[in-house]
Protein chains: 2
Amino acid sequence: MTLFVDMDEVIADTYGAHIERFNARHGTALSREQCMGGEVWQQVPEYRQTIWNHYYEPGFFRELNPIAHSQEVLRELVEKYEVFIASAAMQFPNSLKEKHEWLDEHFPFIHWRNRILCGDKHILRGDILIDDRSHNLETFQGRSILFTSPHNIHTTGFERLDNWQDAADRLL
Amino acid sequence: MTLFVDMDEVIADTYGAHIERFNARHGTALSREQCMGGEVWQQVPEYRQTIWNHYYEPGFFRELNPIAHSQEVLRELVEKYEVFIASAAMQFPNSLKEKHEWLDEHFPFIHWRNRILCGDKHILRGDILIDDRSHNLETFQGRSILFTSPHNIHTTGFERLDNWQDAADRLL
C-alpha cells in the first residue's frame, strides 16, 4: 500500500520557523496559539510579503525542525507501507536541494527513490495522502487525510490526524 | 489528458554530453553512432565510473543541449495536453536546481506547477508517459511510449517514437 506524506507542516515545522524568524527580527512575541485558524501573516498583515520572503532565504527549509514524533512514527510506517515523501516544492528552486538534504538528516530511512518534489499533487497515484492543505487532498483519488496545522483547524470534510501519535494509532 | 515527458534522453541530450566530456578529456573520438545498442560506458568499460561521475559534476545537467525539435513540438503539445516534465532526479541532489533552471531556460512554457522531480515513476497518475527507459514504462498504468535513444534501439514491446517530429505526427 502506497502512502504519500507531505513535508511542510506535516513532518517539517515551517509554521514555527516563520514565527521564530519574524519574532527575532521584529522584537515581537507572536505565538503558535495566537495564529490558530489562519496563516502566520494574517496576524501581522502588513508584513505579509516579509513573511513570504522567508521561503526564498537560503537555509530556510534546511533548518526546519521536524514535527513532534514524525520521525519515530514514520520509521514504523515504512515497515508497513510504501512511504513516499511528496512536497510541492517547485515554486522555490532553492528549496529543492535543501529539502533533499533535510530528509537525509532527519529521515535517512526514506530512500531517495521514495522522494517526490513536484508542483501539483494531482499527478500522484497511490492509496493514502497525508497533507495539511485541503486543495492537495481534494484532487487525490485515494484516502485523503488532513494533518492538523494552525491554518486548517476550522477545515471540515476530511478525515483528520491531529498529530503523529494519532497517526500511529490510526495507521499502524 | 495528462502527458508526462521524461527529461534525460527525451528532451535533454545526456548521451551527447557524456560523449563530449569523455572525448574532450581523453582525446578520443567516441561517436553516438558507435554507441548504438548500449550505454556510452560500454564502449569504454574501463572508464565506467569516470562516465558515471559526470552526473555529479556541477553544471552537467545545466549545460545539456535540448534534443532536436523537442522545444517546438512540446510548445504545441501543451496546447493540447496537460504536459508535465517528470524526471527521476533524486539520485543526484545537485541536479535538482540545475534541472529546474534548465527548464526555465529551454522550456519556459512549462510552468513550475508542471514539473516533477522524483525517484521512481510508478507513482505517476496520468494518461501518457514518454520515456527512454523501459523500467519506467513498465510500471506506468497509462499509454507507455518509448522514446528512441541509442541504449534502447533493440528494446521491443513498446509503442515507440523515434524523434520529436515523429511525436508531432502521432500526438498532435
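A note on names: the letters A, B, ... follow the listed sequences, proteins ahead of strands, and every chain is numbered from 1. Hydrogens, waters and symmetry mates are skipped; everything else that's a heavy atom, side chains included, is used.
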Using a 3.5 Å cut-off and no angle test, enumerate the donor-acceptor pairs between side-chain atoms of residues 58-66 of chain A and protein atoms at least two apart in sequence or in another chain.
unit_1, atom_1, unit_2, atom_2, d
A:Arg62, NH1, A:Glu105, OE1, 2.9
A:Arg62, NH2, A:Glu105, OE1, 3.0
A:Glu63, OE1, A:Arg21, NH2, 3.3

Chi angles and distances behind the side-chain contact (heavy atoms from CB on, under 4.5 Å) call for A:Arg115, B:Leu117 = CA-CA 8 Å; A:Arg115 302 178 186 182; B:Leu117 300 173; over 6 Å; no
Any side-chain heavy atom of B:Arg125 within less than 4.5 Å of one from A:Gln141?
-> yes
Which bit of A:His122 is near chain B, if near means a heavy-atom gap under 4.5 Å: side chain, backbone, both or neither?
-> both
Option from A:Glu98, A:His100, A:Lys99 for which side chain to side chain contact (heavy atoms under 4.5 Å, CB included) with B:Pro93 holds | A:His100
A:Leu161-A:Met36 co-clustered via ILVMFWY side chain contacts under 4.5 Å | no
Is chain B contacted by the side chain of A:Glu82, its backbone, both, or neither, given a heavy-atom distance below 4.5 Å?
-> side chain
Mind ranking B:Asn114, B:Asn94, B:Leu96 by heavy-atom pairs under 4.5 Å with chain A and telling me who comes out on top?
-> B:Leu96
Kindly work out whether a path of hydrophobic side-chain contacts (I/L/V/M/F/W/Y, heavy atoms less than 4.5 Å apart) joins B:Ile85 to A:Met90.
-> no
Under a single-linkage rule joining Ile, Leu, Val, Met, Phe, Trp and Tyr whose side-chain heavy atoms are separated by less than 4.5 Å, which residues share a cluster with B:Phe158?
-> A:Phe4, A:Phe84, A:Ile116, A:Ile123, A:Leu124, A:Leu129, A:Leu137, A:Phe140, A:Leu146, A:Phe158, B:Phe4, B:Phe84, B:Ile116, B:Ile123, B:Leu124, B:Leu129, B:Leu137, B:Phe140, B:Leu146
Same hydrophobic cluster for B:Val40 and B:Tyr56, using side-chain heavy-atom links shorter than 4.5 Å among ILVMFWY?
-> no
